[in-house]
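The structure under discussion appears below in the form of structure tokens.
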2 protein chains.
Amino acid sequence: MASKTQSRRDDLRTKLIELGEAEIIEHGLPALKARDLAAKAGCSVGAIYNAFPDLHHLALAINGRTFRRLGAQVAGAVEPLAEAPACERLVAMGLAYLDFASQNTAAWRALFEIDMAVGEDIPGWYMVALEALFDHIRRPVAELRPDLCAEDVEFLVRGLFSSIHGIVWLGLQKRISAVPRPELSRMITLILSEIGQ
Amino acid sequence: MASKTQSRRDDLRTKLIELGEAEIIEHGLPALKARDLAAKAGCSVGAIYNAFPDLHHLALAINGRTFRRLGAQVAGAVEPLAEAPACERLVAMGLAYLDFASQNTAAWRALFEIDMAVGEDIPGWYMVALEALFDHIRRPVAELRPDLCAEDVEFLVRGLFSSIHGIVWLGLQKRISAVPRPELSRMITLILSEIGQ
DNA sequence: CCTCCCATTGAACGATGTTCAAAGCATACC
DNA sequence: GGTATGCTTTGAACATCGTTCAATGGGAGG
């Protein structure tokens, strides 16, 4: 029975995820440091590498949580609007995305800052969570544009997500655009409304 | 007369910029290393800090070059279309942006990867170059939407740029979206065409 | 209670950006 | 020209990373 050791390792895993999440929420991905984590978790630096292969995988686990929170918030924004017009639902999702990014800027940025060139060790759930997000967008888009084939709907979904993401990303960046919050809402509404004709 | 020393420092500056640019074009911003540069430039590591306050400012100088190349390519794409409909010109610029990003991926990514939280030392020309890019977009947008006030045109310009940027950024990323090149063109064309009604 | 095995430790390694006392060199003055 | 002065250049040293690994310690089975 390896229960004692196993459970202790699992405890450390979750403790590291929670501490790391707090750090990323507060100070962003670059603030995720091995020695800081070890000090806060009350373990040695080496112990981290027993729970995770490296800091990259810890960051991925934290990003997983952020992704689920994001998905829940976006889903929560459209749920009450099940009967509303598709265009309205699209706008609601776009604004929910902006809200989440505004309220969780550091953690949300970490979703895209993480170095993806590392290799194929991007976990499957990463793509799964992304697809779940796309699912929410696909429904209203398909309703709005029955003239498009499935493939074109798919591209429009990805294009719309990327567009809104770009607006929020550059808008929340201090330097490139620095657009005040209400104007970001208007831009998102404008883009999503025009798509729906 | 401080000509000898001055000119030598300037020589080192341009040499470092050229070497660093080659490195960033080839391997991206993270490959910009002080010791590598010194070895290639045939100087000591300390000499770099005589020509630039730090590597961050060297990277900014290199980004400046990239920015100007980008602006020239986008401008070159609309120039032959001076008489074409505004919508067509918008699409041409969007596709030119995609072209540049595809052909100079590493250097183009460096434009946005550079850490902007450092402070207010973002040079003025950075914003100037960005404004010049926005100028090109503003003209066709204003033509297409005479119903909008100047402020709304401004937001639409920024929103359109951010949208196209988002599509290209995520599209060229290996993991998030991974949309093949022709489909990226179609998405861009789709978004820009629909805006123009 | 002993023994083996694996988890844990933290000093050490290699890489990084940056600094600074020392050395070198060019310019100005006599 | 020679000498003095001040800036430039050097590269070893420092601080800070992520990561490793020999040594240590503690828990499971006999």
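The chains referred to below are lettered A, B, ... by the order of the sequence lines, with proteins before strands, and numbering in each begins at 1.
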Among the candidates [options], find the nucleotide nearest to the side-chain atoms of [X].
X       : options                : answer
B:Ala47 : D:dT10, C:dA11, C:dT19 : D:dT10
B:Arg35 : D:dT19, D:dC14, C:dT19 : D:dC14
B:Val45 : C:dT16, D:dG11, D:dC17 : D:dG11
B:Ser44 : D:dC17, D:dT10, C:dT9  : D:dT10
A:Ala34 : C:dT16, D:dT19, C:dT9  : D:dT19
A:Leu55 : D:dT19, D:dT8, C:dG17  : D:dT19

Send over the distance from [X] [atom1] to [N] [atom2], rounded to a whole Å.
X       : N      : atom1 : atom2 : result
A:Leu16 : C:dT8  : CG    : C1'   : 14 Å
B:Leu29 : C:dG17 : CG    : C1'   : 14 Å
B:Asp54 : C:dT16 : CG    : P     : 17 Å
A:His57 : D:dT19 : NE2   : P     : 10 Å
A:Tyr49 : D:dT20 : OH    : P     : 7 Å
A:Leu37 : D:dG18 : CG    : C1'   : 12 Å
A:His56 : D:dT19 : NE2   : P     : 10 Å
A:Glu23 : D:dC17 : CD    : C1'   : 15 Å

Please determine whether a side-chain nitrogen of the Lys or Arg among [X] and [Y] lies less than 4.0 Å from a carboxylate oxygen of the Asp or Glu.
X        : Y        : answer
A:Glu131 : A:Arg138 : yes
B:Lys40  : B:Glu26  : no
A:Arg186 : B:Asp152 : yes
A:Arg158 : A:Glu154 : yes

Check every strand shown and say whether A:Ile48 touches a base, only sugar-phosphate, or nothing at a heavy-atom separation below 4.0 Å.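 The answer is nothing, as A:Ile48 stays clear of every strand by at least 4.0 Å.
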
Have a look at A:Leu32 and say if it touches a base, only the backbone sugar-phosphate, or nothing, with a 4.0 Å heavy-atom cut-off.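 A:Leu32: backbone/sugar contact only, no base atoms under 4.0 Å.
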
Should the pair B:Arg109 and B:Trp169 be classed as cation-pi, given the thresholds of under 6.0 Å to the six-membered ring centre and 45° from the axis?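 Ring-cation test returns yes.
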
Any side-chain N or O of A:Asn50 under 4.0 Å from OP1/OP2 of C:dT8?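 Answer is yes, contact under 4.0 Å.
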
